[in-house]
Structure formats: structure tokens, C-alpha cells
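Letters A, B, ... mirror the listed sequences (proteins, then strands); counts begin at 1. Here the structure is a predicted model, which is why all the values come from computation and not from measurement.
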Amino acid sequence: MSYWLFKTEPSECSIDDFANAPDTPIVWEGVRNYQARNMLRDEVQKDDLVFIYHSSCKLIGVAGIARVVRTAYPDPSQFSAASAYFDAKSSHESPRWVAVDLVFVEKLPAIIPLDKLKSLAKLSELPLVQRGSRLSVMPVTPEQWQSILQQR
DNA sequence: GCCAACGTTGGC
DNA sequence: GCCAACGTTGGC
């Protein structure tokens, strides 16, 4: 069992979308970066736990926790011309992008803000707080996971 | 395979 | 909205 952190813009998909549909899998689609894709495809396993991180919004930080219920499969949005995530260079025969499904686990009582995460020495190796890092899917070590959870 | 130009991310 | 940093594209 591994831990992850996934970034999302809450205007697109927020922890409340999970909380409002606690038994409905959320399709985590739209990852369009190869490094992130490779982790989704090759490493994210069923029952892994995921911090849901809100970016590009007023209150930036870790908002809650979700659990993986379906491992990587072809991201449907890449085939949909109407989707913002449409990729004309992908094909059903050889899909370029993958999605996973997540379900709600927990909404944190308060967002753990990015400032706080940056101030924690134990998180210095977490790509999220490293200069220039833009990874939208990243691994979290058990120690980092506990360190973040302690900020609740 | 190099690398300039362009596009995207995401905090501020 | 700005812009630094990074990623991708495509001509050569």
C-alpha cells in the first residue's frame, strides 16, 4: 500500500465533490504529463491512499483523502473531441493517457495550507514543496504522510 | 539528437 | 494578470 498526492483545481474537482458523493467513484482524468502518467499507470495500486491537494485557488493546500478503487485504464476524456482533455494524437488501439478511480475517505477539518507544508522539515524532499516542481501526481512516503496528517 | 520557440503550470 | 520554471514540439 502506497501513499500519493494528487493536485486538482477545486473549480474543476474539489474535495467537496468527493464528500458530496461518498459512495461514487470519481474518475481522475486529465493527467497530461508523462512523468505523472507513468506513476498513475505503473505504480498506483488499488487501496492506495491519496491526499487531494487544491491548487490555483484561494486556499491552496491539502484538503482531504481519497482511496484508489480502480487502477489505471484508458482515460476516456482523451477520445472525446468535446473535452478540454481531448488528444487527437491518441487512439483506442494505443491510448496515450490513463485515468484511475478514487472514492472519498475524509475531508480534513481545515485545509493544510501550502505555507505550513513548506515549513515542515520532514517534507523537504516532497516534490510539492521543491522549487520548480510541477508534478501533479507524486509519491508520498509513510513518514511524509504522517507528518502531513499531524497538522490536522 | 539539438535546441529555439512555444505552451503550460501554478504560486504570488 | 504576471512570470519563472519547466515541458513539449518540430525543423534542421
*Asks:* Please enumerate all residues that pass side-chain contact (heavy atoms from CB on, under 4.5 Å) together with A:E125, with sequence neighbours excluded.
*Replies:*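 Counting only residues at least two positions away or on another chain, A:E125 forms a side-chain contact (heavy atoms from CB on, under 4.5 Å) with A:Q130, A:Q144.
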*Asks:* Just by distance, with hydrogens left out, do A:Q78 and A:S90 show a side-chain donor and acceptor under 3.5 Å apart?
*Replies:*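 On atom types as modelled, these side chains qualify, holding a pair under 3.5 Å.
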*Asks:* Of all nucleotides in DNA chain B with an atom under 4.0 Å from a non-hydrogen atom of chain A, which is the first and which the last going 5' to 3'?
*Replies:*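 The footprint of chain A covers B:dG7 to B:dC12.
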*Asks:* Tell me every residue that passes ring-ring contact (aromatic ring centres under 6.0 Å, His included) with A:F86, counting only those two or more places apart in sequence or in another chain.
*Replies:*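 ring-ring contact (aromatic ring centres under 6.0 Å, His included) list for A:F86, sorted by chain: empty.
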*Asks:* A:S91: which residues meet the side-chain contact (heavy atoms from CB on, under 4.5 Å) condition with it, sequence neighbours left out?
*Replies:*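 side-chain contact (heavy atoms from CB on, under 4.5 Å) check on A:S91 returns A:E93, A:S94.
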*Asks:* Can you name the side-chain contact (heavy atoms from CB on, under 4.5 Å) partners of A:R152, sequence neighbours left out?
*Replies:*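 With neighbours one apart ignored, the set is A:E106, A:L108, A:P109, A:L149.
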*Asks:* Using a cut-off of 4.0 Å on non-hydrogen atoms, how would the nucleic acid contact of A:R131 be classed: base, sugar-phosphate, or nothing?
*Replies:*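 Sugar-phosphate only.
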*Asks:* Quick one: list whatever passes side-chain contact (heavy atoms from CB on, under 4.5 Å) with A:R70, sequence neighbours left out.
*Replies:*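 For A:R70, the residues satisfying side-chain contact (heavy atoms from CB on, under 4.5 Å) (neighbours in sequence not counted) are A:Y73, A:D101.
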*Asks:* Of all residues at least two apart in sequence or in a different chain, which pass the ring-ring contact (aromatic ring centres under 6.0 Å, His included) check with A:Y53?
*Replies:*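 A:Y53 satisfies ring-ring contact (aromatic ring centres under 6.0 Å, His included) with no residue once adjacent residues are dropped.
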*Asks:* Who else is in A:Y85's hydrophobic cluster (ILVMFWY, side-chain heavy atoms under 4.5 Å, direct or via others)?
*Replies:*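 In the cluster with A:Y85 there is nothing else; it is isolated.
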*Asks:* Quick one: on DNA chain C, does A:K89 or A:N33 contact a more 5' nucleotide (nearest heavy atom)?
*Replies:*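 Residue closer to the 5' terminus by nearest nucleotide: A:N33.
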*Asks:* Any side-chain hydrogen bond (donor to acceptor under 3.5 Å, both in side chains) pairs touching residues 13-23 of chain A, not counting sequence neighbours?
*Replies:*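 Applying side-chain hydrogen bond (donor to acceptor under 3.5 Å, both in side chains) to every pair that reaches into residues 13-23 of chain A, excluding sequence neighbours, yields A:D16-A:K107.
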*Asks:* List the residues meeting ring-ring contact (aromatic ring centres under 6.0 Å, His included) with A:F104, not counting sequence neighbours, and say none if there are none.
*Replies:*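 Listed in chain order: nothing, the list is empty.
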*Asks:* List in numerical order all residues of residues 110-127 of chain A for which some heavy atom is under 4.0 Å away from an atom belonging to DNA chain B.
*Replies:*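 Heavy-atom cutoff 4.0 Å gives A:L114, A:K118.
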*Asks:* In residues 48-65 of chain A, what residues come within less than 4.0 Å of DNA chain C, judged by heavy atoms?
*Replies:*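 Residues of residues 48-65 of chain A that come under 4.0 Å of DNA chain C do not exist, since none gets that close.
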